[in-house]
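Computed from a predicted structure; not experimentally measured. Each residue takes its place number in the sequence, starting with 1.
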Amino acid sequence: MFVIRNWRWILALVFFLCGFAGFMSGVQVTERDLGDANPFTLMYYSLGLFILGGMDLGVPTGGPEWGRSMLWLAYFGAPLLMTTAIVEWLQVVVAHPTRWLRSLAGHTIIVGVNDLSRSIMDKMVGMGTDTQFVVVERDIRKTVRQELEDRYNARCLAGEFTDDYFLSMLRVGSARRIVLASDNDFDNFECASKIIEEKPEMGSSLIVHSNRLRYLREMEHTEVGRSAHTFNSYHLAAQHLVRSVMMDHFRETERLDTVVIAGFGVFGQTVLEELQNIAMAEVAEIAIVDTDAHRRILVAEEQVEMHAGIEKHVLEGDISHPEVWQRLEEAVNLNSGMPLVLMVTGSDDENLRTGMWLSKRYANAKILVRSQRDSHFAESVAKSSGIVTFGLSQVFQESMPDEWFINGTDSVL
């Protein structure tokens, strides 16, 4: 299948042929005698239409009507096409990275285009931090580039961000801060390592994300771990949820509480870890439900010591299956007091559906339902179902320490 890759070349050929056909049909011009002109001369005049638009030839006259029409089309179309090409070329020259990168200073480099990097930029915009965002990714689609430019007034640059030459282009030494939030943990730490080696003073301005909490903990004693701010977004968000929403609930209840964690990924594991750290005196028992619960408990125990002071119940199964909750009822009395149930699996729709079902089954329970992003639909359902919904991206945004984004050189509106 033939695909036209450059419409401008096609139009140029069309306008050239229109002008040449008009001249060959016998059409004359008011400022020049073309009566004895040969075809090569007429081709030359047709090409000249792209530059002067016929201003040196005068207006078409005589000849057949169709010939004059074609020549008039070339008179207007050829110079207009040339003008648009020149304007576009100038835009490319002005916007070329090598031009604006040289003037960068006090900017914030964001590596990675995902929900995490957007949350970080939203946080900084909400704080009123006055800085130029430079968003870097190996490949940035045109629609995404347009979104980032419109939404954050960001400059976008595609390239290999672990490459030494590319890093030098970004002027990391003049940056106010650098956020490494790509989806590849190794690349984030590789990039951070190169920056710290080249510019050790930039360590306190480096914010490095790890998608895997286990990997992050293994890297704590490396040069990057000691120098930069390293974090896992699920870990931060879970800590914030426990310290705010969950602790408020515990203080409102008179008796020791029952907590059910449905979904034991990084987020659920961090909730359990934080409960053990700060809520030992508030919780009587914890139930953990996950399709891979036993293995994940072993992984969690490998990283964090499990306290024996809180009774734990581990059930392996799909949260959407009623049998799982029937087995849970045999171990935990969810009809007593005000148990706190967290629906925090990676499936937003199952969290919401099962949370609604549980709210009907256990009207006394407080049910928190997680979604990846803030959801208008989930919020509207929550009002009528008696559940509480929260978007992970919003909780993470609230959990990030403000001091990461403010230093002595920052201007905050």
Closer than 4.0 angstrom, basic N to acidic O: yes or no for [X] and [Y]?
X: Arg353; Y: Glu350; answer: yes
X: Glu218; Y: Arg214; answer: no
X: Glu160; Y: Arg138; answer: yes
X: Glu147; Y: Arg118; answer: yes

Distance-only side-chain donor-acceptor flag, [X] / [Y], under 3.5 Å:
X: Thr129; Y: Arg176; result: no
X: Asn184; Y: Ser182; result: no
X: Glu273; Y: Gln269; result: no

So, [X] side chain and [Y] main chain: donor-acceptor pair closer than 3.5 Å or not?
X: Asn188; Y: Asp183; value: no
X: Asn232; Y: Ser210; value: yes
X: Ser399; Y: His240; value: no
X: Glu398; Y: Ala237; value: no
X: Lys312; Y: Ile288; value: no
X: Thr131; Y: Gly106; value: yes
X: Thr230; Y: Gly225; value: no
X: Glu316; Y: Ala293; value: yes
X: Arg370; Y: Met343; value: no
X: Ser227; Y: Val224; value: no

Please check if the number of heavy atoms outside [X] that lie under 6.0 Å from its [atom1] is greater than 12.
X: Glu201; atom1: CD; answer: yes
X: Trp66; atom1: CH2; answer: yes
X: Tyr215; atom1: OH; answer: yes
X: Arg8; atom1: CZ; answer: yes
X: His294; atom1: NE2; answer: yes
X: Phe76; atom1: CZ; answer: no
X: Glu197; atom1: CD; answer: no

message = Applying side chain to side chain contact (heavy atoms under 4.5 Å, CB included) to Ile319 and Asn351, what does each step give before you reach the verdict?
response = CA-CA 8 Å; Ile319 66 161; Asn351 287 342; 4.0 Å; yes
Heavy-atom closest contact ([X] atom, [Y] atom, distance):
X: Phe161; Y: Asp187; value: CE1-CB, 3.8 Å
X: Ala175; Y: Ile109; value: CB-CD1, 4.1 Å
X: Ala12; Y: Phe50; value: O-CZ, 3.3 Å
X: Phe264; Y: Arg296; value: O-CD, 3.1 Å
X: Met400; Y: Ser119; value: CE-O, 3.9 Å
X: Asn211; Y: Asp185; value: N-OD1, 2.6 Å

Please tell me if the side chains of [X] and [Y] come closer than 4.5 Å, counting only heavy atoms from C-beta onward.
X: Leu340; Y: Asp257; result: no
X: Phe15; Y: Met82; result: no
X: Val242; Y: Thr270; result: no
X: Phe405; Y: Ile207; result: yes
X: Met124; Y: Arg177; result: yes
X: Ile261; Y: Phe267; result: no
X: Glu274; Y: Asn277; result: yes
X: Leu49; Y: Leu57; result: yes

What distance do [X] atom [atom1] and [Y] atom [atom2] have between them, rounded to the nearest 0.5 Å?
X: Asn335; Y: Arg361; atom1: CG; atom2: CZ; answer: 8.5 Å
X: Glu403; Y: Ser204; atom1: CD; atom2: OG; answer: 12.5 Å
X: Ile120; Y: Phe396; atom1: CD1; atom2: CZ; answer: 4.5 Å
X: Thr143; Y: Leu148; atom1: OG1; atom2: CG; answer: 9.5 Å

task = Start with the C-alpha distance between His107 and Phe133, add both sets of side-chain angles, then the distance that settles side chain to side chain contact (heavy atoms under 4.5 Å, CB included), and finish with yes or no.
result = CA-CA 6 Å; His107 54 297; Phe133 292 119; over 6 Å; no
task = Please lay out, stage by stage, how Gln326 and Glu330 fare under the test side-chain hydrogen bond (donor to acceptor under 3.5 Å, both in side chains).
result = CA-CA 7 Å; Gln326 291 170 5; Glu330 296 173 2; over 6 Å; no
task = Test Glu65 against Arg68 for side chain to side chain contact (heavy atoms under 4.5 Å, CB included), laying out the working first.
result = CA-CA 5 Å; Glu65 184 175 347; Arg68 292 195 303 274; 3.9 Å; yes
task = Walk me through it: do His249 and Met338 pass the test side chain to side chain contact (heavy atoms under 4.5 Å, CB included)?
result = CA-CA 9 Å; His249 172 78; Met338 293 181 62; 3.9 Å; yes
task = Would you please indicate if the ring centroids of Phe23 and Tyr44 are separated by under 6.0 Å?
result =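 Phe23 vs Tyr44: aromatic centres not under 6.0 Å.
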ask   = What do you reckon, are the aromatic ring centroids of Phe231 and His209 less than 6.0 Å apart?
value = yes
query = How are the rings of Tyr75 and Trp72 set relative to one another: parallel (under 30°), tilted (30 to 60°) or perpendicular (over 60°)?
reply = perpendicular
message = Taking salt bridge (charged side-chain N to carboxylate O under 4.0 Å, His left out) as the criterion, tell me which of Asp115, Asp122, Asp348 meets it with Arg373.
response = Asp115
